[in-house]
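Accompanying notes for the structure given below.
One is the number of the first residue; the rest follow in order along the sequence. Hydrogens, waters and symmetry mates are skipped; everything else that's a heavy atom, side chains included, is used.
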Amino acid sequence: MYTHPEIEELLNSGSPFYFTPNAAMLQNAEMLLNYIDDINLERTSTFEFTPAESLYLVWNAEDLEFHLECLNDGRILYTFRKGGYGRANGCLTIDKFLPLLQDYLLMSIW
């Protein structure tokens with residue numbers, strides 16, 4: 001069903017201590033992974049369940065650090081860091097978030 005084995009693995013983890021992600025969370029996680037794959041940047045971490053019932057990913061690209069959380073209301077909670085300092089944070093829908101992420105990655109507006 002999903003193109004990323006990571007998402008299938010997450011869904012099949014079967015732990016009774018974790019919630020079941022809703023469709024919006026899974027779709028946003030898939031879109032984020034697709035974007036990262038499309039721009040060919042390495043990713044060394046995977047999505048994790050959080051106690052707040054969201055999906056969380058920390059992603060490092062050179063000296064940039066992105067904390068991304070797929071929320072159950074369909075939004076992305078994000079924090080962008082460079083050199084350990086927060087540069088941007090907020091909560092947006094995926095269609096508004098991806099262009100912002102692209103700006104930070106490709107236009108070097110740091």
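For N60, the side-chain contact (heavy atoms from CB on, under 4.5 Å) criterion is met by E65, not counting sequence neighbours. The salt bridge (charged side-chain N to carboxylate O under 4.0 Å, His left out) test applied to D37 returns no partner, not counting sequence neighbours. Shown here are the salt bridge (charged side-chain N to carboxylate O under 4.0 Å, His left out) partners of E6, two or more places apart in sequence or in another chain: R43.
F97 CZ to L32 CG: the interatomic distance, rounded to the nearest 0.5 Å, is 6.0 Å. Once rounded to the nearest 0.5 Å, the distance linking OH of Y104 with OH of Y78 reads 7.0 Å. With rounding to the nearest 0.5 Å, the separation of OG1 in T50 from CD in E69 is 5.0 Å. Between L71 atom CG and M25 atom CE the span is 7.0 Å, to the nearest 0.5 Å.
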Evaluate H67 against Y56 for side chain to side chain donor-acceptor pair (under 3.5 Å), listing each step before the verdict. CA-CA 7 Å; H67 296 262; Y56 173 77; 2.4 Å; yes

As a quick check of understanding, evaluate side chain to side chain contact (heavy atoms under 4.5 Å, CB included) for I76 and L92, giving each step before the final call. CA-CA 5 Å; I76 305 294; L92 296 170; 5.7 Å; no

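In terms of heavy-atom proximity, C70 sits nearest to S54 at O-CB, 3.2 Å. Listed here is the closest heavy atom pair of S45 and L57: OG-CD1, 3.4 Å. Nearest heavy atom pair, residue A24 against residue G74, reads CB-CA, 3.8 Å.
Counting only heavy atoms from C-beta outward, the side chains of F49 and P21 approach each other to under 4.5 Å. L101 places a side-chain heavy atom less than 4.5 Å from the side chain of F66. Counting heavy atoms from C-beta outward, Y35 and L105 have side chains that approach closer than 4.5 Å.
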